[in-house]
Amino acid sequence: MDQQPPLVDPFLRAISYLRVSVTDRCDFRCVYCMSENMTFLPKKELLTLEELDRMCSTFVGLGVQKLRITGGEPLVRRDIMTFFRGMTRHLDSGALKELTLTTNGSQLARFADALYDAGVRRVNVSLDTLDAEKFAQITRWGRLAQVLDGIEAAQRAGLRVKLNAVALKGFNESELFDLQTWCAERDMDLTFIEVMPMGDLGNEDRLDQYWSLKDLRARLAERFTLTDLAERSGGPARYVRLEETGQKIGFITPLTHNFCESCNRVRLTCTGELYMCLGQEDMADLRAPLRASPDDGVLRDAIRAAILRKPKGHDFDYSRQAVDGQMTRHMSHTGG
Ligand code: SAM
Ligand code: SF4
């Protein structure tokens with residue numbers, strides 16, 4: 001691969017992290033993410049696996065060192081392992097430092113070994129509750145036992161698992177310590193995500209589900225000694241260590257914290273739209289330049305032009321108890 005100057009945005013932030021949604025489809029219908037009757041994109045709109053490979057490889061050639069594959073549910077995309085195996089060559093060359101994914105865990109029992117063989121070493125599994133009934137309620141279509149089997153398979157395969165739980169008032173508030181203990185027993189880190197005003201707020205009262213992570217953190221502090229960790233991911237996560245268990249707990253608070261100054265990431269949708277900021281509507285279509293020419297130079301120019309439009313920060317604002325800066329797209333579209 002030709003050596004290219006790295007991607008740097010107008011605020012001198014180097015772009016080293018690409019999140020890629022490989023499908024908008026999912027085998028779950030989590031209430032905060034999708035409606036029950038989703039209309040999915042026609043297949044021809046999606047980037048093919050070859051196009052996804054070319055797209056990601058071009059980003060890697062421009063200095064992206066970390067790829068996180070997401071969706072929808074990435075592991076329901078047909079033949080997705082072909083894509084993962086394709087990315088292995090960038091890990092082997094040293095250009096790519098990390099290949100990882102965020103998954104609901106439903107297909108992990110099938111794919112854990114193959115993911116490990118492709119060079120994946122860590123996975124984030126989204127799980128909000130350990131109660132089978134509540135799990136069925138929140139995911140609508142999910143089965144807890146299947147996810148727990150998936151997590152076990154992933155750990156057996158040698159993958160490091162981190163749990164991501166959306167903090168939901170009146171839903172998993174009561175399970176805070178159960179989740180924390182369950183993870184500690186399995187040597188798993190745990191990150192809480194504040195619920196975001198994504199998708200259509202009309203039929204799900206997401207503001208009513210809002211559980212502030214400040215409050216969650218205060219509750220943890222009643223039982224544990226919390227040490228703030230300096231570690232930053234260039235994203236909206238902050239970490240603490242629970243001294244009594246050694247466990248790392250993360251807090252993703254995109255609404256209440258300003259993390260934009262260190263933002264190192266962009267997001268690609270399954271149709272090839274590049275979102276330069278999770279909280280803003282502006283995006284660049286990369287599918288057209290990708291399909292326009294077999295010459296990667298055209299695509300590279302389009303990527304560089306897009307990065308020059310990366311905004312300084314996002315517009316979310318819950319402060320007046322109204323949903324300002326509300327986004328109309330679903331998390332399953334931009335990949336969370
Ligand atoms: N299907 C995979 C999964 O669930 O992990 C990957 C895609 S999912 C959109 C990525 C993450 O976004 C999940 O951890 C999910 O809980 C989170 N998410 C979805 N909708 C959200 C919302 N409205 N607010 C906060 N997090 C959300
Ligand atoms: Fe599917 Fe993940 Fe959205 Fe749940 S959060 S509906 S598992 S994409």
Side-chain angles (χ1 to χ4, degrees), residues 19-38 40-41 67-77 80 100-108 111 115 122-129 135-144 146-147 150-151 154 161-169 171-172 179 189-213 216 235-237 250-256 265 267-270 275 278-279 314 316 318 323 325-336:
R19 296 172 79 104
V20 185
S21 171
V22 294
T23 177
D24 60 334
R25 287 163 201 259
C26 187
D27 51 346
F28 292 1
R29 290 290 181 278
C30 302
V31 297
Y32 44 71
C33 179
M34 293 194 182
S35 55
E36 182 127 40
N37 306 305
M38 292 291 288
F40 292 109
L41 293 162
L67 276 182
R68 177 174 294 282
I69 310 308
T70 174
E73 174 47 44
L75 297 180
V76 302
R77 170 95 194 235
I80 193 61
T100 183
L101 72 153
T102 300
T103 172
N104 65 23
S106 70
Q107 309 301 316
L108 267 180
F111 290 122
L115 286 167
R122 299 195 300 169
V123 289
N124 287 357
V125 180
S126 305
L127 179 60
D128 304 329
T129 174
F135 184 82
Q137 190 191 332
I138 200 87
T139 61
R140 291 200 187 100
W141 295 2
R143 282 198 313 109
L144 179 66
Q146 194 176 338
V147 172
I151 291 174
V161 178
K162 179 168 78 87
L163 225 65
N164 280 345
V166 177
L168 296 161
K169 204 180 182 66
F171 180 77
N172 56 9
L179 278 166
D189 293 323
L190 170 62
T191 289
F192 291 98
I193 312 174
E194 226 165 47
V195 73
M196 285 192 271
M198 289 296 200
D200 56 332
L201 273 156
N203 50 15
E204 308 283 352
D205 290 332
R206 277 183 205 122
L207 263 182
D208 290 351
Q209 299 175 341
Y210 179 73
W211 177 20
S212 144
L213 295 196
L216 191 158
F251 304 96
I252 301 185
T253 53
L255 304 172
T256 51
R265 60 193 61 192
R267 296 174 157 77
L268 185 74
T269 70
C270 53
Y275 282 88
L278 180 61
H314 66 52
F316 287 128
Y318 263 172
V323 189
Q326 181 187 325
M327 303 302 304
T328 48
R329 57 183 196 267
H330 281 267
M331 284 291 271
S332 54
H333 187 58
T334 43

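The chain is numbered in sequence order, starting from 1. In each ligand, atom 1 is the first atom listed, and ligand 1 is the first ligand listed.
- Not one N/O/S atom of C26, from backbone or side chain, sits under 2.8 Å from atom 4 (Fe) of ligand 2.
- Within the 4.0 Å heavy-atom criterion, the part of T103 lying near ligand 1 is the backbone and not the side chain.
- The contact set between ligand 1 and V195, taken as ligand atoms under 4.0 Å from a residue heavy atom, comprises 24 (N), 25 (C).
- Checking C33 against atom 1 (Fe) of ligand 2, every N/O/S atom stays at or beyond the 2.8 Å cut-off.
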**OP:** For side chain to side chain contact (heavy atoms under 4.5 Å, CB included), just list the numbers for T269 and D24, CA-CA rounded to whole Å, side-chain angles, deciding distance to a tenth of an Å, and then say yes or no.
**Re:** CA-CA 8 Å; T269 70; D24 60 334; over 6 Å; no

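- At least one heavy atom of G72 lies less than 4.0 angstrom from ligand 2.
- Using a 4.5 Å heavy-atom cutoff, the side chains of Y32 and V166 are in contact.
- At least one N or O atom of S126, backbone or side chain, sits closer than 3.5 Å to an N or O atom of ligand 1.
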Original post:
Are M34 and C26 close enough, and set up right, to give a side chain to side chain contact (heavy atoms under 4.5 Å, CB included), and what steps lead you there?
Top reply: CA-CA 9 Å; M34 293 194 182; C26 187; 3.5 Å; yes

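- Here CZ of F135 is found 6.0 Å from CG of L127. Values are rounded to the nearest 0.5 Å.
- For T103, the side chain to side chain donor-acceptor pair (under 3.5 Å) partners two or more places apart in sequence, or in a different chain, are E73.
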**OP:** Would you check, one step at a time, whether the test side chain to side chain contact (heavy atoms under 4.5 Å, CB included) holds for T100 with I69?
**Re:** CA-CA 6 Å; T100 183; I69 310 308; over 6 Å; no

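- Ligand 1 has a nitrogen or oxygen under 3.5 angstrom from a nitrogen or oxygen of E73.
- Among the candidates D128, I151, T191, the single residue satisfying the side chain to side chain contact (heavy atoms under 4.5 Å, CB included) test with L163 is I151.
- Residues passing the salt bridge (Lys or Arg N to Asp or Glu O under 4.0 Å) test with R143: none are found, sequence neighbours excluded.
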Original post:
Hey, mind stepping through T70 and R267 against side chain to side chain contact (heavy atoms under 4.5 Å, CB included) and telling me if it holds?
Top reply: CA-CA 10 Å; T70 174; R267 296 174 157 77; over 6 Å; no

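- Shown in contact with G71 at under 4.0 Å from a heavy atom are these atoms of ligand 1, numbered in order with element: 7 (C), 9 (C).
- Listed by atom number, the atoms of ligand 2 under 4.0 Å from C30 heavy atoms are 4 (Fe), 5 (S), 6 (S), 7 (S).
- The E194 neighbourhood of ligand 1 comprises atoms 25 (C), with distances under 4.0 Å to a heavy atom of that residue.
- With G72, C30, C26, A165 as candidates, the residue nearest to atom 6 (C) of ligand 1 on a non-hydrogen basis is G72.
- At a 4.0 Å heavy-atom cut-off, ligand 1 touches I193 through the side chain alone.
- For ligand 1 and T70, the ligand atoms under 4.0 Å from any heavy atom of the residue are 6 (C), 7 (C).
- Looking at V166 against ligand 1, only its side chain comes within 4.0 Å, counting heavy atoms.
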